Amino acid sequence: AGEQTFIMIKPDGVQRGLIGEVISRFEKKGFYLKAMKLINVEKSFAEKHYADLSSKPFFGGLVEYIVSGPVVAMVWEGKQVVSTGRKLVGATNPLAAEPGTIRGDFAVDIGRNVIHGSDSVENARKEIALWFPEGIAEWRSNQH
Ligand code: CMP
């Protein structure tokens with residue numbers, strides 16, 4: 001298997017009808033969708049996903065936001081998909097994100113920034129294990 005990353009469309013992205021747009025951008029770039037589910041996560045689960053940020057003043061609000069509605073959790077695979085995926089996603093603060101990126105095109109608020117993408121190969125591995133404990137099906141035959 002090639003490099004994989006974890007991408008999550010956050011509740012604001014789902015609510016605003018941006019699921020197809022996000023998937024389309026990753027597909028058109030040339031990445032492969034390996035796993036996907038629409039789920040409501042529990043507060044304790046959101047706290048685990050964002051554990052590294054637990055000391056930040058915005059942690060409580062961030063967790064409240066993530067549990068406020070369904071999210072779309074995905075695993076994408078392809079060449080340097082972690083770093084290139086971050087480029088498709090754009091800077092964390094949508095006001096700093098370049099137009100042409102997902103956050104740059106669709107968001108203005110750092111607390112409602114549509115999407116999450118793993119920031120390193122190591123964190124991608126951790127996040128995929130957390131969000132997809134059931135494992136990920138292989139595509140049949142060697143399509144890529
Ligand atoms: P994400 O890429 O999911 O990683 C951590 C998240 O914390 C980030 O996107 C933002 O949604 C959120 N975040 C980061 N900084 C702030 C901030 N200053 N205020 C509110 N939310 C923030």
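Computed from heavy atoms alone, side chains included, the values below leave out hydrogens, waters and symmetry copies. All ligand and atom numbering here is 1-based and tracks the order in the structure. Quick caveat, the model's predicted, so the values are computed rather than measured.
Counting only heavy atoms from C-beta outward, the side chains of Val81 and Lys29 never approach each other to under 4.5 Å. Using a 4.5 Å heavy-atom threshold, the side chains of Val41 and Met8 count as separate.
Around the CD atom of Glu134, the shell of radius 6.0 Å holds more than 12 heavy atoms that belong to other residues, nucleotides or ligands.
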Give every donor-acceptor pair under 3.5 Å between a side-chain atom in residues 47-67 and any protein atom, sequence neighbours left out.
{"from": "His49", "atom 1": "ND1", "to": "Trp131", "atom 2": "NE1", "distance (Å)": "3.0"}
{"from": "Ser54", "atom 1": "OG", "to": "Ala51", "atom 2": "O", "distance (Å)": "3.1"}
{"from": "Tyr65", "atom 1": "OH", "to": "Asp12", "atom 2": "OD1", "distance (Å)": "2.6"}

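Residues Leu33 and Ala35 approach most closely at CD1-O, 3.5 Å, considering heavy atoms.
Ligand 1 lies under 4.0 Å from heavy atoms of Lys10, Tyr50, Leu53, Phe58, Leu62, Thr92, Arg103, Ile110, Gly111, Asn113, His116.
Within the 6.0 Å centre-distance limit, the rings of Trp76 and Phe26 are counted as a close aromatic pair.
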